[in-house]
2 protein chains.
Amino acid sequence: MESDLSNPTLQALRRILRATEIGSRKLATTTGLTPSQMLVLREIEGRDQATPSAIASALKFSQATITNVVDRLVLSGLVTRERSDRDKRQIMLHATAAGRDALACAPDLLQSQFTDRFASLAAWEQAMILASLEKLSLILGAQDMDVAPLLDSGAIDRTEPG
Amino acid sequence: MESDLSNPTLQALRRILRATEIGSRKLATTTGLTPSQMLVLREIEGRDQATPSAIASALKFSQATITNVVDRLVLSGLVTRERSDRDKRQIMLHATAAGRDALACAPDLLQSQFTDRFASLAAWEQAMILASLEKLSLILGAQDMDVAPLLDSGAIDRTEPG
DNA sequence: CAAATATGATTAGCCTCCCAAAGTATTTAA
DNA sequence: TTAAATACTTTGGGAGGCTAATCATATTTG
């Protein structure tokens with residue numbers, strides 16, 4: 001019966017997941033943005049110019065979903081749509097000043113809670129944590145994963161895998 | 001500007017979050033349950049007897065939400081409702097055989113991916129990871145958090161905090 | 001060039017999630 | 001025995017996701 005740190009580790013991991021999830025909601029309320037909206041807005045602003053399909057593939061959402069979310073962002077005045085000249089099938093999304101503002105106020109779901117306190121740790125602790133997370137990445141099969149999103153949500157994909 | 005392991009650490013953390021989230025959806029498809037349904041079902045089964053309000057407070061959901069989810073679980077034949085004798089306002093929720101089956105097939109969102117591989121790590125690595133996660137818990141303010149849920153999702157709470 | 005095909009985005013329709021407020025039934029307290 | 005509290009459900013609503021179908025524009029090809 002070795003030590004079995006497996007369970008406490010899982011619990012800690014769960015706490016972290018839970019915390020980030022709650023944080024994501026809380027932050028959303030303060031910004032007035034939902035997590036998904038945040039994601040999309042960030043993605044748009046990060047590129048300055050962005051087509052829905054680009055956002056969709058970056059976030060691994062369907063185009064339709066992006067249309068949906070962007071609808072709301074436009075309604076809130078955080079994003080504008082503009083037909084591309086080069087290819088009139090395309091739509092260019094831009095963050096408005098208000099949109100950039102909203103992002104600035106809510107810098108990053110994790111980052112805000114994270115950076116300062118992490119920086120205050122001893123170097124060896126930082127290194128240990130990083131190493132541990134990399135290991136966990138490996139364990140969870142997350143090594144080669146896009147780093148784009150933070151956390152999102154949603155209905156279940158019921159397409160038969162087979 | 002010392003080393004700044006902050007960014008790679010955040011990225012690793014994001015990968016992990018992302019991985020668990022995707023895993024949660026994938027597992028849901030195989031089970032035919034959504035993450036929320038899994039949560040509720042687990043909570044019900046874990047107590048053998050459970051009232052909606054108990055589940056709601058454990059998972060920090062509203063009663064209405066639980067009613068909703070339970071509706072679907074009942075519809076799927078995984079859970080039964082039964083009026084309590086002692087207090088006829090109460091409803092007792094029970095997992096059916098099928099419900100327990102479903103849970104058994106999908107033991108745990110993380111656990112499945114996790115336990116074996118984690119166990120195969122050296123003891124010192126396990127200890128390191130645990131310590132790191134505890135530290136992270138602290139950083140993210142997740143120490144005193146319920147361990148109940150895994151991950152869920154959903155619409156944003158728009159009630160004014162003030 | 002014209003027809004067929006491909007691509008980008010939206011629309012429509014479906015389901016889930018989560019909530020607050022109102023409603024119903026039951027229990028407890030006055 | 002009425003009033004208040006409790007436990008759950010109903011109702012209604014906003015958001016998040018998806019697929020399939022549609023519309024408009026581009027590209028390819030005969």
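The structure displayed is predicted, hence computed values, not measured ones. Note on naming: letters A, B, ... go to the chains in the order of the sequence lines (proteins, then strands), and numbering restarts at 1 for each one. Computed over heavy atoms, backbone and side chain alike; hydrogens, waters and symmetry mates excluded.
- Rounded to an integer number of Å, the gap from R86(B) CZ to dT6(D) P is 16 Å.
- Scanning for side-chain contact (heavy atoms from CB on, under 4.5 Å) contacts around A127(B) gives L5(A), with sequence neighbours left out.
- Taking Ile, Leu, Val, Met, Phe, Trp and Tyr as hydrophobic and joining them when side-chain heavy atoms fall under 4.5 Å apart, one finds M128(A) in a cluster with W124(A), W124(B), M128(B).
- Evaluated for a side chain to side chain contact (heavy atoms under 4.5 Å, CB included) with V40(A), the options V70(A), N68(A), V79(A) yield exactly one hit, V70(A).
- Rounded to an integer number of Å, the gap from CE of M38(A) to P of dA15(D) is 17 Å.
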Legend entry - Steps toward side chain to side chain donor-acceptor pair (under 3.5 Å) verdict (S36(B), T34(B)): CA-CA 5 Å; S36(B) 296; T34(B) 65; 4.9 Å; no
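- Computed from coordinates, the E82(B) CD to dC8(D) C1' distance equals 16 Å when rounded to whole Å.
- For S36(B) and dT16(C), the shortest distance from a side-chain N or O to OP1 or OP2 is not below 4.0 Å.
- Residue pairs satisfying the salt bridge (charged side-chain N to carboxylate O under 4.0 Å, His left out) criterion with at least one member in residues 75-86 of chain B, sequence neighbours excluded, are listed as follows: D71(B)-R81(B).
- At whole-Å resolution of the value, CG in L73(B) and C1' in dT9(D) are 16 Å apart.
- Grouped by direct or indirect side-chain proximity (heavy atoms under 4.5 Å, Ile/Leu/Val/Met/Phe/Trp/Tyr only), L75(A) sits alone.
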Between protein and nucleotides 8-13 of chain C, what N or O pairs are separated by less than 3.5 Å?
| from | atom 1 | to | atom 2 | distance (Å) |
| --- | --- | --- | --- | --- |
| dA9(C) | OP1 | I91(A) | N | 3.3 |
| dA9(C) | OP2 | S53(A) | N | 2.9 |
| dA9(C) | OP2 | S53(A) | OG | 2.4 |
| dA9(C) | N7 | Q63(A) | OE1 | 2.9 |
| dT10(C) | OP1 | R81(A) | NE | 2.8 |
| dT10(C) | OP2 | T67(A) | OG1 | 2.9 |

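- Here the C1' atom of nucleotide dC19(C) and the NZ atom of K60(B) are 17 Å apart, to the nearest Å.
- Mapping R72(A) and D85(A) onto DNA chain D via the closest heavy atom, the residue that lands nearer the 5' end is R72(A).
- The phosphate of dC18(C) has neither OP1 nor OP2 within less than 4.0 Å of any side-chain N or O from S62(B).
- For T80(A), the side-chain contact (heavy atoms from CB on, under 4.5 Å) partners at least two apart in sequence or on another chain are H94(A), T96(A).
- Straight-line distance from the CG atom of L33(A) to the C1' atom of dA15(D): 13 Å, rounded to whole Å.
- The listed nucleotides are dC19(C), dA15(D), dG17(D); the one nearest the side chain of T65(B) is dC19(C).
- At whole-Å resolution of the value, NZ in K88(B) and P in dA7(D) are 17 Å apart.
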